[in-house]
Amino acid sequence: STIVLLFEAPRDFTFNLKPGQKIRFGEALGTM
Amino acid sequence: LNGALLARVRPLPILLATGGGYVGYDQYGRYRDRRLESLGIEVPPRIASNTQVALYKTIPTRVLSRAWGRLNQVELPTWLRKPVYSLYIWTFGVNMKEAAVEDLHHYRNLSEFFRRKLKPQARPVCDSHCVISPADGKILHFGRVRNCEVEQVKGVTYSLETFLGPHTWAETLGLNKNEDDLTSFQDLLVTKEGNELFHCVVYLAPGDYHCFHSPTDWRVAHRRHFPGSLMSVNPGVARWIKELFCHNERVVLSGEWTHGFFSLTAVGATNVGSIRIYFDKELRTNAPRYSKGSYNDFSYLSNNNQEGVAMRKGEHLGEFNLG
């Protein structure tokens, strides 16, 4: 199964992720 | 009898030869792509043709999914629980130390085991970032949405409008925008000047913890349930079938967070065809009958609740279930 987040945010929103990385619930996805 | 046997036997080698030839050709192509990639040459992903997708969709994935779900509702005798769940744990690398209940005999069937909860301290919620991961899994793709196309994996996209459906929920959010001077569906979604649209795709593998939580502080105003196929969504298939997430059964929750529009979509798959949203008792997924291309809407705004359902970052939101 898959979860897709779609949201608007100010232009300076940045993800601190890498494609393919494992992630766990509660860990940061990104911030302004 | 001999003639009939001969007639029956003859198609078999032809089928084997053509099938084997096709698989061989396909595997050689993939080998060649890997060689090029190892030389640092970017190779476009091999996308399934419409025929291949149509063939895949002829597989009765919903029936299989419901049968799989019924099988996993069967209560296991106590003596069988440990071996069965231990095999599942070993196969999918489940970490039972994080489970709220570690005793395998506690779970009456695989379905209950699949819905296991975690110890509260197993997943601390990050306070310093405004958006957190709603679930355990693997990041398939993320980034800015451009030209109304969202990437499911690098290089393979799907249409934003097909995925979310028409922008009719905005009335419930009171986000009416003068649509005639807008350039695209994407512009309809962005409600504040200077904002952009972002997306992130989290793939949950079979052994992952399959509950999901609120990724931020927001209020959920609307639910749109798209019945659909239940093709596999593993990364290999996501690289092969364009618009995969638009084919599959999914539940789109939309609403607002501090910066405007926010949505979370749970997409089902063959082994996890059912989606539960804890505050939405009306939702029924993976039902036997549905009409293709249909969807049903439900608003969480009511006369005495114009706010919708307020969700705190990290709060329990829903779960995927087997079958």
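Convention: sequence-line order gives letters A, B, ...; per-chain numbering from 1.
- When the candidates Cys126(B), Gly260(B), Gly273(B), Cys200(B) are compared by the number of heavy-atom contacts under 4.5 Å with chain A, Cys200(B) comes out ahead.
- Interface with chain A: from residues 312-323 of chain B, residues Gly314(B), Phe320(B) qualify, criterion being any non-hydrogen pair under 4.5 Å.
- Using a 4.5 Å cut-off between heavy atoms, Asn16(A) touches chain B through its side chain atoms alone.
- Taking 4.5 Å as the heavy-atom cut-off, the residues of residues 128-136 of chain B that approach chain A are Ser128(B), His129(B), Cys130(B), Val131(B), Ile132(B), Ser133(B), Pro134(B), Ala135(B), Asp136(B), ordered by number.
- Between chain A and the residues Leu118(B), Leu197(B), Val125(B), Thr216(B), the largest count of heavy-atom pairs under 4.5 Å involves Leu197(B).
- The side-chain heavy atoms of Val190(B) and Phe261(B), taken from C-beta on, include no pair separated by under 4.5 Å.
- Nearest heavy atom pair, residue Ile275(B) against residue Val267(B), reads CD1-C, 4.3 Å.
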Donor-acceptor pairs under 3.5 angstrom involving side-chain atoms of residues 153-160 of chain B: please list them, not counting sequence neighbours.
| unit_1 | atom_1 | unit_2 | atom_2 | d |
| --- | --- | --- | --- | --- |
| Thr157(B) | OG1 | Glu149(B) | OE1 | 2.8 |
| Thr157(B) | OG1 | Lys242(B) | NZ | 2.9 |
| Ser159(B) | OG | Glu161(B) | N | 3.3 |
| Ser159(B) | OG | Thr162(B) | N | 3.0 |
| Ser159(B) | OG | Thr162(B) | OG1 | 2.8 |

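- In this structure, chain A has heavy atoms under 4.5 Å from both the backbone and the side chain of Leu264(B).
- Each of Leu253(B), Val201(B), Val233(B), Val202(B) has some count of heavy-atom pairs under 4.5 Å with chain A, and the biggest count is that of Val202(B).
- Per-residue counts of heavy-atom pairs under 4.5 Å with chain A were compared for His141(B), Lys138(B), His213(B); the largest is that of His213(B).
- Under 4.0 Å is where a charged nitrogen must lie from a carboxylate oxygen, and between Asp208(B) and Lys22(A) at least one such pair does.
- Interface residue Ala122(B): only backbone heavy atoms are found under 4.5 Å from chain A.
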task = I would like to know whether Ser254(B) and Arg224(B) meet side chain to side chain contact (heavy atoms under 4.5 Å, CB included); could you show each step before the answer?
result = CA-CA 8 Å; Ser254(B) 55; Arg224(B) 178 166 284 167; over 6 Å; no
inquiry  = side-chain hydrogen bond (donor to acceptor under 3.5 Å, both in side chains) for Asn286(B) and Ser65(B)? Distances and angles first, verdict last.
reply    = CA-CA 8 Å; Asn286(B) 199 3; Ser65(B) 177; 3.3 Å; yes
task = Check the pair His167(B) / Phe185(B) against side chain to side chain contact (heavy atoms under 4.5 Å, CB included), numbers first and verdict last.
result = CA-CA 8 Å; His167(B) 190 255; Phe185(B) 179 79; 3.8 Å; yes
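- The part of Leu164(B) that comes within reach of chain A is its side chain, from C-beta onward, which places non-hydrogen atoms under 4.5 angstrom from that chain.
- Ranking Thr14(A), Thr31(A), Asp12(A), Ile23(A) against chain B, the residue ahead of the rest is Ile23(A), based on heavy-atom pairs under 4.5 Å.
- When Pro215(B), Ser263(B), Ala269(B) are compared by the number of non-hydrogen pairs under 4.5 Å with chain A, Ser263(B) comes out ahead.
- Of the atoms belonging to Trp218(B), not a single heavy atom falls under 4.5 Å from chain A.
- Using a 30° and 60° split on the angle between ring planes, Phe15(A) and Phe13(A) fall in the perpendicular class, above 60°.
- For Phe114(B), the ring-ring contact (aromatic ring centres under 6.0 Å, His included) partners are His210(B), not counting sequence neighbours.
- Looking at Glu196(B) and Arg144(B), a side-chain N of the basic residue comes within less than 4.0 Å of a carboxylate O on the acidic one, giving a salt bridge.
- A salt bridge links Glu98(B) to Arg123(B): one of the charged nitrogens lies within less than 4.0 Å of a carboxylate oxygen.
- Distance alone, capped at 3.5 Å, places no donor-acceptor pair between the Arg276(B) side chain and the Leu283(B) backbone.
- A distance-only check finds a donor-acceptor pair linking the side chain of Lys119(B) to the backbone of Lys97(B) [under 3.5 Å].
- Between Phe262(B) and Phe7(A), the two ring planes are parallel [angle under 30°; tilted spans 30° to 60°].
- Here the closest non-hydrogen pair linking Leu140(B) and Pro235(B) is CD2-CG, 3.6 Å.
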